[in-house]
Amino acid sequence: MSFPLLTATAALPAIGAIATAAVPAAQRVAAKWLALLVSLATLVLAAIVLVRFDPGGDRYQLTESHAWIKDFGVRYELGVDGIGVALVALTALLIPFVILAGWHDADPQETGSRRWRPTQGFFGLILAVEAMVIISFEATDVFLFYIFFEAMLIPMYFLIGGFGDRAHEHGNDAAATQRSYAAVKFLLYNLVGGLIMLAAVIGLYVVAGNFSLQEIVQARASGSLHMATNTERWLFLGFFFAFAVKAPLWPLHTWLPNAMGEATAPVAVLITAVVDKVGTFAMLRFCLQLFPEASKWATPVILVLALISIIYGALLAVGQRDIKRLVAYASISHFGFIILGIFAMTSQGQSGATLYMVNHGISTAALMLVAGFLISRRGSRLIADYGGVQKVAPVLAGTFLIGGLATLSLPGLAPFVSEFLVLVGAFERYPAVGIVATFGIVLAALYTLVLYQRTMTGPVKAEVAEMPDLRVRELLVVAPLIALLIFLGVYPKPVTDIVNPAVQQTMSDIHKTDPKPEVEAAK
């Protein structure tokens, strides 16, 4: 029996979470180092998965399958395609930076409400989220996926509600109330989506007789499994609703600005760069493969919602006064681009959407973590409280600028390639949709450059005059992310080579081919 590499990649952070939480209270530094070492070991395992994955091989590789709940046809089935393996690698890559960036975020501190921050719990919860996200990207049994899709809400709830942004606390109970509100709103929105999905999962079992993604897709392709049109549409809507909440897609997005605003910067990165990717990933893996005809039926409405997300998110980002909420609304706009690429139903659009998930994770992590370092120095999230930072902390300002330029998809940085592919894919099949989506790029340039101008340029405000530049630990967090943004902006081929075969197979599942270009015959 071969080594269960996929199980190990998810089990290691899960075991590490328990071990970190069990470290004696007085040994909080040891807990930090243990969490960091576990995250680095998980990154090594994810790298091995990446190396062993053959883009030209079978669709699902490194597969594992074991009986679990026989009476209900539930199996412990894992496997990764090119899209899954790219997102497993992204998750494992970002977690060490999240841990390093939050090194002091959970140090014991008594606030006005007499609340303490257990360091061991904070880092244990981060590792628990990592484990659940990774196994969600690996699961090919629908019921197994659902369990971890829902279970990751619990550690995220405690990370948001129990470890809020200290810069916004100032020892008062109002901040704790806002933090609790954000955590409950996050949990309720996602639980409602999950309950609707559970009904759809049960319905799928009634129709198909099992939960195996591969068996259901093969049965549908061979004609041995037929779904009535209305049944397929209702099941699709049940799955899509849950994924649209997680993504998030307008109008189900309102929990995200609250959650990112009240969470610490590393936890905000965990939300938007890691956890939310499960929603868009699941649209590709489950919605399109299980319900191809219903996906095509719903495409016009989903494209309209994606366009609203793009423009609405960008417009609200322009008007924000809070740095973290600005990044949150920018992410809503970016998720609109990802969903647009998925449902453009072209290979360029879906390749761009998958690449966008990876690049958005890196660029948002870079920008939000630098913003977190900035906020921790000044003690305020308000844009108006800054000015002239580049004169006193040039390295911090420079990295903030690169993260911002990546957010607006500047050519030469990683998100440009993915955004370009999404727009090309949209233009191929829906030219009007592509034209409207392009306005999101203009708005992105506006909110990013205005943010940089108001915080980093101009006269030096007295409150930032003594602001220190990035420290060594902070540089270790930011520098690799900036390097990746530049590398993948210049040379995205390593990622596209991995994801393109999976995209082509998804296009085949939904019986779609790319539109042929209309070229006027030469006279």
Side-chain angles (χ1 to χ4, degrees), residues 29 32 97-112 117 119 122 159 163-172 175 178-179 260-273 320-328 330 363-407 447-482:
V29 175
K32 296 177 185 181
F97 297 121
V98 168
I99 290 173
L100 268 178
W103 200 251
H104 298 298
D105 285 357
D107 287 347
Q109 176 180 327
E110 193 174 11
T111 67
R117 301 170 178 274
T119 304
F122 178 75
L159 283 170
F163 301 92
D165 187 354
R166 290 184 180 182
H168 195 57
E169 283 182 352
H170 305 299
N172 61 67
Q178 292 174 6
R179 189 168 62 244
M260 288 185 65
E262 298 305 323
T264 64
V267 173
V269 169
L270 200 61
I271 295 169
T272 190
Q320 286 303 304
R321 297 181 297 172
D322 183 311
I323 296 173
K324 291 168 70 177
R325 290 178 70 91
L326 186 151
V327 179
S363 62
T364 298
L367 180 61
M368 179 58 82
L369 292 179
V370 177
F373 298 149
L374 177 70
I375 292 168
S376 67
R377 285 160 165 74
R378 173 67 177 83
S380 172
R381 294 165 12 200
L382 298 179
I383 296 172
D385 289 342
Y386 296 88
V389 173
Q390 68 179 11
K391 296 177 183 177
V392 297
V395 177
L396 188 155
T399 54
F400 190 80
L401 177 61
I402 296 174
L405 293 176
T407 298
Y447 64 67
T448 300
L449 296 177
V450 167
L451 172 65
Y452 183 84
Q453 180 187 35
R454 292 179 178 175
T455 55
M456 302 295 164
T457 66
V460 179
K461 290 201 170 185
E463 294 83 359
V464 303
E466 302 299 324
M467 180 177 290
D469 214 333
L470 292 183
R471 303 178 179 91
V472 174
R473 174 180 59 86
E474 295 165 337
L475 284 171
L476 288 174
V477 171
V478 176
L481 296 174
I482 298 297

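Atoms considered below: every heavy atom in the structure, side chains included; atoms not considered: hydrogens, waters and symmetry mates.
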Chemist: Roughly how far apart are Leu401 CG and Leu449 CG, rounded to 0.5 Å?
Modeler: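 So the gap between those two atoms works out to 8.0 Å.
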
Chemist: Measuring from Thr407:OG1 to Tyr447:OH, what's the distance to the nearest 0.5 Å?
Modeler: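 Spacing of OG1 (Thr407) from OH (Tyr447) equals 6.5 Å.
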
Chemist: Using side-chain heavy atoms (C-beta onward) and a distance below 4.5 Å, is Glu262 in contact with Arg381?
Modeler: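 Sidechains of Arg381 and Glu262: in contact.
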
Chemist: Among residues at least two apart in sequence or on other chains, which ones pass salt bridge (Lys or Arg N to Asp or Glu O under 4.0 Å) with Arg471?
Modeler: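 Result, salt bridge (Lys or Arg N to Asp or Glu O under 4.0 Å) vs Arg471: Glu474.
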
Chemist: What I'd like to find out is whether the side chain of Tyr386 reaches to under 4.5 Å of the side chain of Leu451, using heavy atoms alone.
Modeler: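 The answer is no; the side chains never approach within 4.5 Å.
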
Chemist: Going through the checks in order, is the side-chain contact (heavy atoms from CB on, under 4.5 Å) test met by Leu326 and Ile383?
Modeler: CA-CA 10 Å; Leu326 186 151; Ile383 296 172; 4.1 Å; yes

Chemist: Taking all non-hydrogen atoms of both residues, which atom of Ala268 and which atom of Ala263 are closest, and how far apart?
Modeler: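 Heavy atoms of Ala268 and Ala263 come nearest at N-CB, 4.1 Å.
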
Chemist: Between Lys32 (side chain only) and Thr119 (backbone N and O only), is there a donor and an acceptor less than 3.5 Å apart?
Modeler: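 Answer holds: no.
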
Chemist: Mind checking side-chain hydrogen bond (donor to acceptor under 3.5 Å, both in side chains) for Thr364 and listing every partner two or more places apart, or none if nothing turns up?
Modeler: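 Testing Thr364 for side-chain hydrogen bond (donor to acceptor under 3.5 Å, both in side chains), a comparison that skips the adjacent residues, returns His360.
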
Chemist: Around atom CZ of Arg473, are there more than 12 heavy atoms of other residues, nucleotides or ligands at under 6.0 Å?
Modeler: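 Yes, because the 6.0 Å sphere around CZ of Arg473 holds more than 12 heavy atoms from other groups.
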
Chemist: Should Arg325 and Met260 count as side-chain neighbours, where that means a heavy-atom distance under 4.5 Å?
Modeler: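 The answer is no; the side chains never approach within 4.5 Å.
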
Chemist: State which residues pass side-chain hydrogen bond (donor to acceptor under 3.5 Å, both in side chains) with Thr399; sequence neighbours excluded, sorted by chain then number.
Modeler: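 Counting only residues at least two positions away or on another chain, Thr399 forms no side-chain hydrogen bond (donor to acceptor under 3.5 Å, both in side chains).
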
Chemist: Can you tell me which residue pairs pass the side-chain hydrogen bond (donor to acceptor under 3.5 Å, both in side chains) test with a partner in residues 456-465, sequence neighbours excluded?
Modeler: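 Every candidate side-chain hydrogen bond (donor to acceptor under 3.5 Å, both in side chains) pair involving residues 456-465 fails, so no pair, neighbours aside, qualifies.
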
Chemist: Between Val478 and Phe400, does a side-chain contact (heavy atoms from CB on, under 4.5 Å) hold up when you go through it step by step?
Modeler: CA-CA 9 Å; Val478 176; Phe400 190 80; over 6 Å; no

Chemist: Is the backbone of Pro468 close enough, under 3.5 Å, to the side chain of Arg377 for a donor and an acceptor to pair up by distance?
Modeler: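 Yes.
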
Chemist: Tell me every residue that passes side-chain hydrogen bond (donor to acceptor under 3.5 Å, both in side chains) with Asp469, counting only those two or more places apart in sequence or in another chain.
Modeler: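 Applying side-chain hydrogen bond (donor to acceptor under 3.5 Å, both in side chains) to Asp469 gives none.
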
Chemist: Identify the two heavy atoms, one from Val460 and one from Gly388, that lie closest to each other, and give their separation to 0.1 Å.
Modeler: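 Residues Val460 and Gly388, closest heavy atoms: CG2-O, 3.6 Å.
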
Chemist: Which heavy atom in Leu396 sits nearest to a heavy atom in Val370, and how many Å separate them?
Modeler: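 Heavy-atom minimum between the residues: O-CG1, 3.8 Å.
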
Chemist: Could you list the residues that satisfy side-chain hydrogen bond (donor to acceptor under 3.5 Å, both in side chains) with Gln320, not counting sequence neighbours?
Modeler: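 So Gln320 forms no side-chain hydrogen bond (donor to acceptor under 3.5 Å, both in side chains) with any residue.
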
Chemist: Between Leu475 and Pro480, which heavy-atom pair has the shortest distance, and what is it?
Modeler: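 Shortest heavy-atom contact: O-CD, 3.9 Å.
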
Chemist: For the pair Val389 and Met456, evaluate side-chain contact (heavy atoms from CB on, under 4.5 Å) and give the outcome as yes or no after the intermediate values.
Modeler: CA-CA 4 Å; Val389 173; Met456 302 295 164; 3.5 Å; yes

Chemist: Can a donor-acceptor pair be found, under 3.5 Å and without considering hydrogens, that links the side chain of Arg378 to the backbone of Asp385?
Modeler: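 Confirmed, Arg378 side chain pairs with Asp385 backbone.
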
Chemist: Quick one: are Leu367 and Thr448 in side-chain contact, heavy atoms under 4.5 Å?
Modeler: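 Side chain of Leu367 against side chain of Thr448, heavy atoms only: no contact under 4.5 Å found.
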
Chemist: Would you say the side chain of Val269 lies within less than 4.5 Å of the side chain of Phe97, judging by non-hydrogen atoms?
Modeler: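 In short, these two side chains do not touch, never coming nearer than 4.5 Å.
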
Chemist: Enter the distance from Ile375:CD1 to Asp322:CG here, rounded to the nearest 0.5 Å.
Modeler: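 Here the interatomic distance stands at 7.0 Å.
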
